[in-house]
Amino acid sequence: MENLNQLLAIRRQKLQKLKELGIDPYPNRSERTHKIKELWENKDKFVESEQKIVITGRLSGMRRQGKVGFGNISDESGRIQIFVRKDNVGEDNYEVFKLLDLGDFVQVEGNCFITKMGEYSIRAEKVIILGKSLRPLPTVKEKVIDGKKQRFDEFSDIELRYRKRYLDLLLNPGIKKNFEIRAKVIEEIRSFLNSRNFMEVETPILQPLYGGAHACPFTTHHNTLNIDLYLRIALELYHKRLIVGGFEKIYEIGKNFRNEGMDRTHNPEFSMVELYQAYADYYDMMNLTEDMIVHIAKEVLGSETIDFLGKDISFKKPWRRASMLDLIKEETGFDASDFDFEKIKAFCDEHKIEIKSTTGSGKLIEEIFGKFVEPKLIQPTFVIDFPKEVSPLAKEKPDNPNLVERFELFINGNEYGNAFTELNDPLDQRERLEAQAKLREMGDAEANVVDEDFLEALEYGMPPTGGLGIGIDRLVMLFTGNTSIKEVIFFPQMKPEE
RNA sequence: GGGGGUGUAACUCAGUGGUAGAGUAUCUGCCUUUUAAGCAGAGAGUCGACGGUUCAAAUCCGUCCACCCUCACCA
């Protein structure tokens, strides 16, 4: 027998008593006539008609006084008080009622009325247990003071909230809202893209080679094939194969996995929407991004502006478009447009930007941008024209071989999206991937690998294509006013306990 | 990885070397319109883990673990 503490033992004893009374504590079926919200919506009607109703839910409050008791029942839609009187439910059923604990699932039959204290309640005629809870929920109480809800002993330990998210959802009602908004954001991404005739696709999560981003993968193993497989770090290369295959507008919503550091804005698995459109370029992707996010904001928030923890952010079109080099010059006065490595390196040394052996001018420019410009980009901004060196899958700018047609979207100092005019020249693509492979040999574990199958696909021909990826978790953070990604992922990665 | 912080009952937290505490929750009794119900009583702890100092450690020291903040890293 387990070493149960007192509270758990008592609940198991009550379970036993219920069984001895011939009550099934876990019946197979329940029947409800109304969700609690429906009772509140037609309060007067239910009180007047005294019609019999049946609700189901979790017992979320209990005030007993001898031969009468008040409880609260909560279902997904709301919460209502029940009034249980021995004379009304009968002696046997009252015994069952007395064996109930907070957290038990119950079914209550009765009719609606208003108590002496003026509270809308259900006068119970019968209380049926639907599921006995064997573990006490943390106790949170609420009192209304001057119309404001004050909470006592809130379930607030952050670690516990993440490890036991079910309790967090149950006890901290505001949390559900984050996830409802998350669902709505995803729904609106879908409906927006569907309305623009994009087709939703599914591509492999388990990949023999990974690519499409600068990141370390998770490795796994397939027993039958006896090969190592990688969890995808991006959707890009498979989507491009589909563009080669003749689809012109596709998108996928799904998870990527990156074996990297974790912090407020990074979880090892995170959700992205990636889309590819044939005969489009990065300007088309900018317009699409604006339209999509404005659409989501209007549908989810009902507004094109948002107050993010005191910062006013406006999604009103058009968003600023500025080149990375111009932004660096604007912010620091430094002109890196000549890509002069020694000059740029000197600037980095001066500003304590670390330089690795594999770092070239392009990477340094990106570093300078990250340090000086990124945090300043509060309003939605398309940062365009990235160094070619850090963008092996994007097409060169026709008038500048050092740059590619690529943008990243920044809002509130964070990156939200990444898009290119996709590189469709198979020979150029091969050179770029081989250059990545060299970086890899020199110790850059996150450099791209050469994917021959992908290169072969490109050789068959890919139309000019625009591609876009947007981080869904961060978008949800923005729309819910959260600074931690853990607040918008149901089960964020945590170290195992013990 | 560096720096800072937190870890004590189911929950929220007090407790700076001398018998482990409070409120809520739980249990018992009273209570047939309460709502943070009330009154009276009771039970409940590996003080994150391990080691050390001491007559004596939740408390001092060391190591480790988890989480938070911050910096670094990270497309």
Side-chain angles (χ1 to χ4, degrees), chain A residues 3-11 13-14 60-72 79 81-89 94 101-103 113-121 123 135-145 149-164 167 171 212-216 233-234 236 256 258-266 268 272 352-354 356 362-363 366-367 369-371 374 383 386-387 390-394 406 408 414-418 420 445-448 469 471 483-484 486 492 494-498:
Chain A
N3 184 20
L4 296 173
N5 82 21
Q6 188 189 28
L7 295 174
L8 304 193
I10 287 166
R11 291 204 174 204
Q13 284 163 17
K14 288 183 180 173
S60 58
M62 178 53 77
R63 296 169 295 283
R64 292 179 201 279
Q65 357 175 20
K67 297 180 181 65
V68 67
F70 294 87
N72 297 90
R79 177 177 153 117
Q81 176 167 277
I82 58 166
F83 171 58
V84 183
R85 195 166 68 158
K86 194 172 181 177
D87 290 350
N88 291 348
V89 299
Y94 202 75
D101 286 304
L102 292 179
F113 76 115
I114 308 284
T115 66
K116 276 183 189 167
M117 295 296 285
E119 178 153 353
Y120 185 48
S121 306
R123 183 185 290 115
R135 214 171 257 277
L137 292 166
T139 51
V140 180
K141 292 205 166 188
E142 285 180 353
K143 185 184 186 178
V144 178
I145 298 170
K149 257 188 197 169
Q150 190 175 339
R151 290 165 67 79
F152 297 83
D153 296 341
E154 199 151 12
F155 181 72
S156 57
D157 185 289
I158 288 178
E159 185 177 352
L160 276 181
R161 284 186 45 230
Y162 296 154
R163 287 194 192 278
K164 310 214 179 288
L167 295 180
L171 300 167
H214 195 255
C216 280
I233 58 173
E236 178 148 354
N256 289 332
R258 295 189 187 174
N259 206 339
E260 293 170 350
M262 295 159 55
D263 61 27
R264 260 182 320 181
T265 55
H266 297 83
M272 295 263 299
K352 302 200 166 60
I353 291 173
E354 199 187 333
K356 290 188 213 150
K363 179 67 183 164
E366 200 183 32
E367 296 282 338
F369 170 79
K371 177 161 177 162
E374 267 190 40
V383 177
F386 277 56
V390 296
S391 315
L393 300 166
R406 170 182 178 184
E408 283 190 351
N414 283 311
E415 184 203 332
Y416 283 80
N418 186 13
F420 321 139
E446 295 175 342
N448 281 258
T483 55
S484 170
K486 290 188 167 78
M494 302 284 277
K495 275 201 188 178
E497 284 180 287
E498 195 204 26

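In what follows, chains are A, B, ... by sequence order, proteins preceding strands, each numbered from 1.
With C73(B), U26(B), A75(B) as the candidates, the nucleotide lying closest to the side chain of Asp263(A) is C73(B). Side chain of Gln65(A), nearest nucleotide from U35(B), A75(B), A37(B): A37(B). With A75(B), A10(B), U12(B) as the candidates, the nucleotide lying closest to the side chain of Glu366(A) is A75(B). Taking every side-chain heavy atom of Glu260(A) into account, C74(B) is the closest of C11(B), C74(B), U32(B). In this structure, of C27(B), U24(B), U33(B), it is C27(B) that holds the atom nearest to the side chain of Asp101(A). Taking only side-chain atoms of Phe70(A), from C-beta outward, the nucleotide of U34(B), A10(B), A66(B) with the closest atom is U34(B). For Asp87(A), whose side chain is taken as the heavy atoms from C-beta onward, the closest listed nucleotide among C74(B), A75(B), U32(B) is U32(B). Each of U33(B), A75(B), U24(B) was ranked by its minimum atom distance to the side chain of Arg258(A); first place goes to A75(B). Counting only heavy atoms from C-beta on, Pro138(A) has its side chain closest to C11(B) among U32(B), C11(B), U12(B). The listed nucleotides are C74(B), U34(B), C67(B); the one nearest the side chain of Glu446(A) is C74(B).
RNA chain B is contacted by both Ser484(A) and Met262(A); Ser484(A) maps to the nucleotide lying nearer its 5′ end (nearest heavy atom per residue). Of the residues near RNA chain B, Thr139(A) and Arg123(A), the one whose nearest nucleotide (by heavy atom distance) lies more toward the 5' end is Thr139(A).
Residue Glu119(A) contributes atom CD, which lies 12 Å from atom C1' of A37(B) at whole-angstrom precision. For the pair Ile10(A) CD1 and A9(B) P, the computed distance is 18 Å after rounding to whole Å. Note: CG (Leu171(A)) to P (A25(B)) measures 15 Å, nearest angstrom. When rounded to the nearest whole Å, the span between CD of Glu408(A) and P of C74(B) equals 14 Å. The interatomic distance linking Glu159(A) (CD) with G5(B) (P) rounds to 18 Å, in whole Å. In this structure, the CG atom of Leu393(A) is 14 Å from the P atom of A75(B), given to the nearest Å. Atom-to-atom, CG of Asn259(A) to C1' of C73(B) comes out at 14 Å; the value is rounded to the nearest Å. Across the protein-nucleic acid pair, Ile158(A) atom CD1 and C67(B) atom P stand 12 Å apart, rounded to whole Å.
Scanning RNA chain B for stems, defined as runs of 3 or more consecutive Watson-Crick or G-U wobble pairs whose donor-acceptor distances all fall under 3.5 Å, gives the following ranges: B:1-7 with B:65-71, B:10-13 with B:21-24, B:26-30 with B:38-42, B:48-52 with B:60-64.
Checked against Phe70(A) for a side-chain contact (heavy atoms from CB on, under 4.5 Å), the options Glu119(A), Arg85(A), Met62(A), Gln65(A) give a single hit: Gln65(A).
Straight-line distance between the C1' atoms of A75(B) and G5(B): roughly 31 Å, to the nearest whole Å. Between the C1' atoms of G51(B) and C13(B), the separation comes to 29 Å (whole Å). A distance of about 26 Å separates the C1' atoms of U24(B) and A66(B), rounded to the whole Å. Taking the C1' atom of each, U32(B) and G38(B) are spaced 15 Å apart, rounded to whole Å. Taking atom P in both A49(B) and C65(B), one finds a spacing of 15 Å when rounded to whole Å. With C1' as the reference atom, G15(B) and G45(B) are 14 Å apart, rounded to whole Å. Remark: the separation of the P atoms in U8(B) and A58(B) is 15 Å, to the nearest Å. A distance of about 25 Å separates the C1' atoms of U59(B) and G3(B), rounded to the whole Å.
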Practice prompt. Take Leu7(A) and Arg11(A) through the side-chain contact (heavy atoms from CB on, under 4.5 Å) test and state the conclusion after the steps.
Written response: CA-CA 7 Å; Leu7(A) 295 174; Arg11(A) 291 204 174 204; over 6 Å; no
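Inter-residue side-chain proximity for Pro387(A) and Lys363(A) is flagged as unmet; no heavy-atom pair is nearer than 4.5 Å. Residues Ser484(A) and Thr265(A) fail the side-chain proximity criterion, which asks for heavy atoms closer than 4.5 Å.
Here Arg63(A) reaches the OP1 or OP2 of A37(B): one of its side-chain N or O atoms lies under 4.0 Å away. Residue Lys486(A) places at least one side-chain N or O closer than 4.0 Å to OP1 or OP2 of C68(B). Residue Lys141(A) places at least one side-chain N or O under 4.0 Å from the OP1 or OP2 atom of A25(B). Taking 4.0 angstrom as the limit, Lys363(A) places a side-chain polar atom (N or O) nearer than this to OP1 or OP2 of A75(B). OP1 or OP2 of C27(B) sits under 4.0 Å from a side-chain N or O of Lys14(A). In terms of phosphate contacts, Asn5(A) brings a side-chain nitrogen or oxygen within less than 4.0 Å of OP1 or OP2 of A10(B). Under 4.0 angstrom from either OP1 or OP2 of C68(B) there lies no side-chain N or O belonging to Arg264(A).
Of all non-hydrogen atoms in Ser121(A) and Thr115(A), the two that sit nearest each other are OG-CG2, 3.2 Å.
Annotation: the span from Phe155(A) atom CZ to Thr139(A) atom OG1 amounts to 11.0 Å, rounded to 0.5 Å. Note: Gln81(A) CD to Phe113(A) CZ = 7.5 Å, rounded to the nearest 0.5 Å. Atom NZ of Lys164(A) is separated from atom CD of Glu159(A) by 10.0 Å, given to the nearest 0.5 angstrom. The distance from atom CZ of Arg123(A) to atom CD1 of Ile114(A), rounded to the nearest 0.5 Å, is 10.5 Å.
Residue contacts shown for Phe113(A) include a base, since a base heavy atom lies under 4.0 Å away. The residue Pro392(A) sits close to a base: some heavy atom pair falls under 4.0 Å. Residue Val390(A) is classed as a base contact, given a heavy-atom separation below 4.0 Å to a base. Using a 4.0 Å heavy-atom distance criterion, Arg161(A) is classed as making no nucleic acid contact.
Counting distance only, with no hydrogens placed and no angle test, the side-chain atoms of Gln6(A) and the base atoms of U26(B) include no donor-acceptor pair under 3.5 Å. Judged by atom type and distance alone, Gln81(A) reaches the base of U34(B) through a side-chain donor-acceptor pair under 3.5 Å.
A donor-acceptor contact shorter than 3.5 Å is absent between the side chain of Arg258(A) and the backbone of His266(A).
Ion pair Glu367(A)/Lys371(A) not flagged as a salt bridge, since none of the NZ, NE, NH1 or NH2 atoms sits closer than 4.0 Å to an Asp/Glu carboxylate oxygen.
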